[in-house]
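Here is the structure we will look at, set down as structure tokens.
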Number of protein chains: 2
Amino acid sequence: MDLMKETHPVFDEAEDKSVVRCSLTSCEKCIGRSVSMCSALKDDEIKLLSDISINISKRSKQVICAEGEMAEYLYNVQSGCVRISKMLSDGRRQIIDFLFPGDYFGLVCDNGYNYSAETITDVNLCRMPRNAILEKIKEIPAFSKKILDITIHELLETQEQRLLLGRKNAKERLCSFLLTINARSSKVGFMKKNHIFLPMSRADIADYLGLTIETVSRQFTILAKDNIISLENSPLVRIIDIEELQLIASGG
Amino acid sequence: MDLMKETHPVFDEAEDKSVVRCSLTSCEKCIGRSVSMCSALKDDEIKLLSDISINISKRSKQVICAEGEMAEYLYNVQSGCVRISKMLSDGRRQIIDFLFPGDYFGLVCDNGYNYSAETITDVNLCRMPRNAILEKIKEIPAFSKKILDITIHELLETQEQRLLLGRKNAKERLCSFLLTINARSSKVGFMKKNHIFLPMSRADIADYLGLTIETVSRQFTILAKDNIISLENSPLVRIIDIEELQLIASGG
DNA sequence: CGTGCATTTGACCACCTTCAATAAAGGTGG
DNA sequence: CCACCTTTATTGAAGGTGGTCAAATGCACG
């Protein structure tokens with residue numbers, strides 16, 4: 001049974017007791033209140049949302065939702081790291097994004113979810129019914145505008161990523177990745193300057209960058225040998241030469 | 001001077017006389033009125049928009065706007081084909097999308113345009129001031145919702161494209177491309193069933209698919225030899241075996 | 001201290017790119 | 001209308017970047 005849990009992360013007996021009704025106080029403390037879509041809502045509007053939202057805790061390596069599944073809910077990441085990905089029938093995988101506190105997912109889909117979402121670390125989520133959100137979008141212009149702004153920003157990043165996948169080499173891809181993660185985690189503010197925490201595996205990074213595990217590992221080694229980064233304490237990466245990193249990332 | 005025109009498509013002495021005020025009747029005839037963002041507007045709202053919009057005609061191979069430039073306008077394609085692309089400093093290019101009648105561009109940017117737009121064929125455009133559109137978004141919920149829907153759809157397609165660029169091989173990429181163009185041009189309804197009109201060059205297709213001209217050309221030849229498509233009359237492609245095309249595109 | 005998994009490293013290989021030549025198509029001027 | 005030139009597309013041969021396969025190392029956990 002322990003093995004089943006590992007290979008089929010859908011098993012999560014802890015789920016039941018980890019689901020709790022959302023309270024106003026939990027909304028007050030939520031990071032989404034200041035940086036995510038909820039920041040466009042007034043206190044009384046938040047109240048309406050919190051009434052239909054629940055807090056969910058999940059252990060790492062669990063499935064939150066699967067590609068193709070009916071899209072019932074929208075999720076906001078409150079703590080931890082989530083990956084969203086798409087798959088080809090033979091198992092080739094493309095990771096679309098790594099989500100950190102304040103990010104949400106589940107809005108962008110037509111009919112069913114167009115990607116799977118899985119936890120990378122232990123995660124706290126806020127789960128809202130999708131159709132209720134769509135109602136709010138129609139009713140509250142400021143909310144609609146905020147969602148649009150976030151979606152546009154997401155589209156910009158995805159277009160940047162297409163330039164990476166279509167035209168950058170392995171080294172340039174990894175440098176771009178490190179800078180992206182650095183910028184995002186420093187924005188959420190839970191890392192020392194120029195220190196990057198990488199909760200995801202080499203396989204995840206590879207599937208995000210359109211490379212293999214081996215190529216990612218080799219490029220890490222090369223960047224460390226060239227004194228551009230340091231890999232001293234494992235899941236942490238220290239950026240030594242950020243200018244050089246930026247130069248490589250942008251294609252020389 | 002003629003040479004300048006070729007290498008620097010920014011020169012377009014015909015532009016002045018090809019710019020005309022937008023009229024209500026031109027809005028009535030515009031394809032955007034039924035399929036694009038304008039479909040969310042009532043007649044009197046269209047009137048307000050048409051007052052601040054102008055119609056622009058451009059010859060093929062002209063620059064509409066350049067990456068990094070101040071984003072003043074939003075454009076709606078009324079006829080012809082436009083490509084939008086991003087570049088690396090050394091000239092490597094990634095085409096983000098080919099735009100057909102009914103498509104618009106210029107909304108998604110932060111500060112300046114994040115991509116260049118160039119005409120592939122002769123093109124008719126509707127040009128609107130960007131900040132006026134942003135005002136309308138705030139004022140008219142139905143308009144805001146429509147823009148959001150279009151943006152979400154765009155994001156879905158861009159994510160699908162990331163799976164292509166990150167994980168598909170050359171043959172799968174070209175098959176996916178042919179199916180995408182086929183679906184889009186049949187939606188606008190100006191092509192015979194299973195006939196695809198490809199106004200863009202091999203170089204454009206290559207830069208869209210993250211490949212080289214030669215690889216694209218070779219894959220075309222292979223698909224034709226395998227009787228999956230036919231290349232008889234040049235810019236037109238006929239799909240012979242669409243099921244096979246779909247099978248290859250989705251990774252076997 | 002041994003097992004299991006992730007990561008690193010090495011050797012070889014394949015797909016796509018690069019370079020180069022040829023063919024076809026398109027545009028211009030005589 | 002044809003000759004000439006330019007541009008674009010096709011095809012071939014050689015080369016390189018990243019993939020595949022395999023082994024070794026490191027690390028966490030019982």
Side-chain angles (χ1 to χ4, degrees), chain A residues 2-7 9 60-61 88 90-94 120-121 164-175 177 198-225 229-237 248 251-252, chain B residues 1-7 9 59-61 83 90-93 120-122 164-174 198-225 229-237 248 251-252:
Chain A
D2 267 348
L3 192 126
M4 289 290 279
K5 268 187 63 182
E6 285 308 307
T7 52
S60 72
K61 311 277 169 68
L88 290 170
D90 61 0
R92 279 176 285 174
R93 185 179 67 150
Q94 178 65 40
I120 286 180
T121 63
L164 179 149
L165 292 172
R167 289 297 176 218
K168 289 185 184 176
N169 64 30
K171 193 173 196 176
E172 292 163 350
R173 291 183 198 201
L174 185 58
C175 291
F177 169 74
L198 298 180
M200 68 292 287
S201 68
R202 292 288 185 263
D204 286 339
I205 298 173
D207 284 348
Y208 181 73
L209 297 177
L211 300 169
T212 59
I213 302 175
E214 293 91 333
T215 299
V216 169
S217 179
R218 274 184 255 267
Q219 293 302 328
F220 264 115
T221 307
I222 292 171
L223 289 179
K225 281 214 180 91
I229 60 171
S230 155
L231 300 170
E232 285 142 28
N233 23 12
S234 192
L236 254 60
V237 175
I248 299 172
Chain B
M1 184 58 194
D2 267 346
L3 193 127
M4 289 291 278
K5 267 188 63 182
E6 285 307 308
T7 51
R59 311 302 306 243
S60 72
K61 312 278 170 63
R83 63 167 182 247
D90 61 0
R92 279 176 283 173
R93 185 179 67 152
I120 287 179
T121 63
D122 292 356
L164 178 148
L165 292 172
R167 288 300 177 216
K168 289 185 183 177
N169 64 28
K171 192 174 196 174
E172 292 163 350
R173 290 183 199 202
L174 185 58
L198 297 181
M200 67 291 286
S201 67
R202 293 288 186 262
D204 286 339
I205 298 173
D207 284 347
Y208 181 72
L209 297 176
L211 300 169
T212 59
I213 302 175
E214 295 92 331
T215 301
V216 169
S217 180
R218 276 184 252 270
Q219 294 302 327
F220 264 116
T221 307
I222 292 171
L223 289 179
K225 280 216 180 90
I229 61 171
S230 155
L231 300 170
E232 286 141 29
N233 23 12
S234 188
L236 254 61
V237 175
I248 299 171

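Letters A, B, ... mirror the listed sequences (proteins, then strands); counts begin at 1.
Along DNA chain C, the nucleotide closest to A:A203 and the one closest to A:R167 are compared, and the more 5′ of them pairs with A:A203. Closest-nucleotide positions on DNA chain D for B:M200 and A:T212 were compared, and the one nearer the 5' end corresponds to B:M200.
When distances are taken from the side chain of B:S217 to each of D:dT10, D:dG12, D:dG19, the shortest belongs to D:dT10. Which of C:dT17, D:dG18, D:dT20 sits closest to the side chain of A:R218 comes down to D:dT20. Residue B:E214 places its side chain closer to C:dC19 than to any other of C:dC16, C:dC19, D:dT10. In the set D:dG18, C:dT8, D:dT20, the nucleotide with an atom closest to the side chain of A:I213 is C:dT8.
At a cut-off of 3.5 angstrom, counting only N and O atoms as typed in the model, there is no donor on one side facing an acceptor on the other between the side-chain of A:R173 and the base of D:dG18.
Among the heavy atoms of the strands lying under 4.0 Å from B:T215 is at least one base atom, whether or not backbone atoms are also near.
With a 6.0 Å cutoff to the six-membered ring centre and a 45° limit on the axis angle, B:R93 does not count as a cation-pi contact of B:Y208.
For the OP1/OP2 pair of C:dT9 and a distance below 4.0 Å, the side-chain nitrogens and oxygens of A:T221 include at least one atom meeting the criterion. Regarding contacts with the backbone of C:dT8, a side-chain N or O of A:R202 is found under 4.0 angstrom from either OP1 or OP2.
Atom-to-atom, CD1 of B:I120 to P of D:dT7 comes out at 19 Å; the value is rounded to the nearest Å. Atoms CZ (A:F220) and C1' (D:dG26) sit 16 Å apart, rounded to a whole Å.
Side-chain contact check for A:I229 versus A:F220: some heavy-atom pair is nearer than 4.5 Å.
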